[in-house]
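First comes the structure, then the notes that go with it.
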Amino acid sequence: MNRGGGHVSALRSFLKSTAQFVIVLMTTLLGLAAVTFFIGRVVPIDPVIAIVGDRAPPQVYERVRTELGLDRPLAEQFVIYVKKAVTGDFGNSVLTTNPVLTDIANVFPATLELATLGTLIGTLFGIPLGVLAAVKRGSLLDQFVRLVGLVGYSVPIFWLGLMGLLLFYAKLGWVAGPGRIDVTYSYLYTPVTGIVLLDTAMQGQWDAFWDAVSHVILPACLLGYFSLAYISRMTRSFMLNELAQEYVIAARVKGLSEMRVIWRHALRNAAVPLVTVIALSYANLLEGSVLTETVFAWPGLGQYITNSLQNADMNAVLGGTLVIGAVFVLLNLVSDLLYRLLDPRTR
Amino acid sequence: MAGAPPLPQPSGLRAWLLSPEPGSRSQARLGRFYLGWRAFSRNPLAVVGLGVVILLILVAIFADVIAPYSPIAGGDLRTQRLLPPSETYWFGTDDQARDIFSRVVYGSRITLFVVVLVALIATPIGLLVGTVSGYLGGWVDTVLMRITDIFLAFPRLILALAFVAALGPGIENAIIAIAITSWPPYARIARAETLTIRNSDFIAAVKLQGASTPRIILGHVVPLCISSLIVRVTLDMAGIILTAAGLGFLGLGAQPPMPEWGAMVATGRNYLIDQWWVAAMPGLAIFVVSLGFNLLGDGLRDVLDPKAAK
């Protein structure tokens, strides 16, 4: 067999699928823009009045209307909107008067910090739980994992957050309350990455670091629980699938220890689809952050969107929606690409 | 087979239901239903889920009888405000001196209203888009599935949030927004089912008889997609309830003084530390009801869609 030719054709098919991905990505992003554009047009708020006020003379009103491009045909407005969105121009926030993209860049690290910690917690605990549940199928542990999953799918995240605050902050005093860091510590470090845990640790402000930890631990565990519910359930079903395969029997017949069969052989094969699951749960946490950030007064993208909503700041709402949508799409595509890279059967 | 003990012959109603040669269509249908119910009732958790859902419906119907106080008009603000749970006020009272139990009871109507309306709006849309796309194929399929993918690409709550922001807060707009975000997965499922049905012999036979495309889709494809869709919608109900409650919590769903559970939790947030029951009780109601729908959905899936049960 010509191995070199195999490489070339593998590369070609990889390039081809990558090109397909790019096309899918472009059309989906364009669709997202179309949806937010459409929402922006059906808003009952007149954007001109929002800027000039309702007592402005007609000439001023007309001038601003022309400046905003609202007198042109809808299709042309959409083209302009997409052009601006591509360069990252979502307009200015009425509330903060900054460009929306600047605002989003300021708040996004906070959301990223929370979602990343949540996914880490969910993965670290979810995968072993799922594996054990699959290995000891029907056992008490399996039932427990099922229950954890069911509760995770059914409980309102904002309510669980409030109950967590009540118990661990108000009653037991184990963790700090809402917010990212105490005011006392907030001037001890200079924000570089925007991720408080990294900034404080890099600058050696350990008191501030531990304060930030005690703030982040509860919301991170909360998001972690929701990610755990999903990851453990999926791990269990993937593992059940793998454990029924013939190579597992072969490995056992060879006399490998059960530990090795489960953790080295079966889990390694289950790990490929798990990458997709983890990426999906990461994307879901970005969504869950809207409610969580509201409950914990966490200054991230979710809180930014809800604050803007309550102040009818549509540029900020739509910009934030588009950014979350785009991140969501990208994560989905990345997980798809990873899947193809990791699983030789898809080549 | 001589050694095998004779099978006990069912008699009476059961025999009629299980008859291998049903005399009428309705007998056959009832028989199928009975078999399904037998499989379903073997799963105790699913029966619990069904119980919760039935309880929700009963509470919603008989809210006037069950609730001891008015859900809107409060009591004496000086003496009956923020009282802890007691024999007179089972779940305590809120900041307007209203009985929380009565509000939770009436809130079941709103929850049921939202769930039913979203299901009634989103299911037909998804069914139609999915079956048309799967049956016709070609560019229609490509276009419809691209649109579906775009809607799937948005996180659900965020898209609903943006829609409510545009339409204005309120329960009706929340329902529309949730319905708009709910149909894409149904379309996907209906399309997948349609693809397996499309090339079967009976469709070819109907086609040869001269049936029109709308007739084939509505009369022959849609009915076969419904059972897997019912499972999916039931499993989705919990998500719908949670999204609606989330919108209510953010102040974008039902407006005060409507006793919407999510909005009630939001009120309770202000009194969390000293009067925990104001937030805890309505949240517990959301949890129990969505748990019930999830258990019911799991059970239904095992019966109607055994392939997916793993």
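Bear in mind the structure is a predicted one, so any value in this text is a computation, not a measurement. We name chains A, B, ... by the order of the sequence lines, and we start the count at 1 in each one.
If you tally non-hydrogen atom pairs under 4.5 Å between each of B:L295, B:V164, B:L161, B:V288 and chain A, the highest count goes to B:L161. When each of A:L165, A:V295, A:V329 is scored by its heavy-atom pairs under 4.5 Å with chain B, the top score falls to A:V295. Among A:V317, A:L291, A:T28, A:L162, the residue with the largest count of heavy-atom pairs under 4.5 Å with chain B is A:L162. Chosen from B:P282, B:A238, B:G292, B:G246, the residue pairing most often with chain A at heavy-atom distances under 4.5 Å is B:G246. If you tally non-hydrogen atom pairs under 4.5 Å between each of A:L150, A:T306, A:L29 and chain B, the highest count goes to A:L150. Listed options A:G325, A:A170, A:P156 were ranked by heavy-atom pairs under 4.5 angstrom with chain B; first place goes to A:P156. Among B:A245, B:G268, B:A280, B:G239, the residue with the largest count of heavy-atom pairs under 4.5 Å with chain A is B:A280. Counting heavy-atom pairs under 4.5 Å between each of A:V151, A:L322, A:I305, A:N284 and chain B puts A:V151 at the top. Contacts with chain A were tallied for B:L159, B:L272, B:D298, B:V289; B:L272 has the most, counting heavy-atom pairs under 4.5 Å.
Both the backbone and the side chain of B:L284 have a heavy atom closer than 4.5 Å to some heavy atom of chain A. In this structure, chain B has a heavy atom under 4.5 Å from the side chain of A:T36, while its backbone stays farther away. Neither the backbone nor the side chain of A:I157 comes within contact range of chain B, judged by heavy atoms closer than 4.5 Å. Contacts of A:L309 with chain B are made by side-chain atoms alone, with heavy-atom separations under 4.5 Å and no backbone atom involved. Looking at A:T294, both its backbone and its side chain come within 4.5 Å of chain B, counting heavy atoms on both sides. A:V155 touches chain B through backbone and side chain together, each having a heavy atom under 4.5 Å away.
Side-chain contact between B:I110 and B:I171: present, with at least one pair of heavy atoms (C-beta onward) separated by less than 4.5 Å. With a 4.5 Å cut-off on side-chain heavy atoms, A:S93 and A:Y304 count as touching.
A side-chain donor-acceptor contact under 3.5 Å links A:T111 to the backbone of A:L301. Checked by atom type and distance alone, the side chain of B:S290 pairs as donor or acceptor with a backbone atom of A:S154 at under 3.5 Å. Although no hydrogens or angles enter the test, the distance criterion places a donor-acceptor pair under 3.5 Å between the side chain of A:Y225 and the main chain of A:G152. A donor-acceptor pair under 3.5 Å links the side-chain atoms of B:T93 to the main chain of B:L83, judged by distance alone. Panel note: side chain B:W276, backbone B:I273; no donor-acceptor pair is recorded below 3.5 Å.
The shortest non-hydrogen separation linking B:E260 to B:G248 is OE1-CA, 3.5 Å.
Aromatic ring centroids of A:W159 and B:F249 lie 6.0 Å or more apart.
Side-chain contact annotation: B:R156 with B:S182, donor-acceptor N/O pair under 3.5 Å present.
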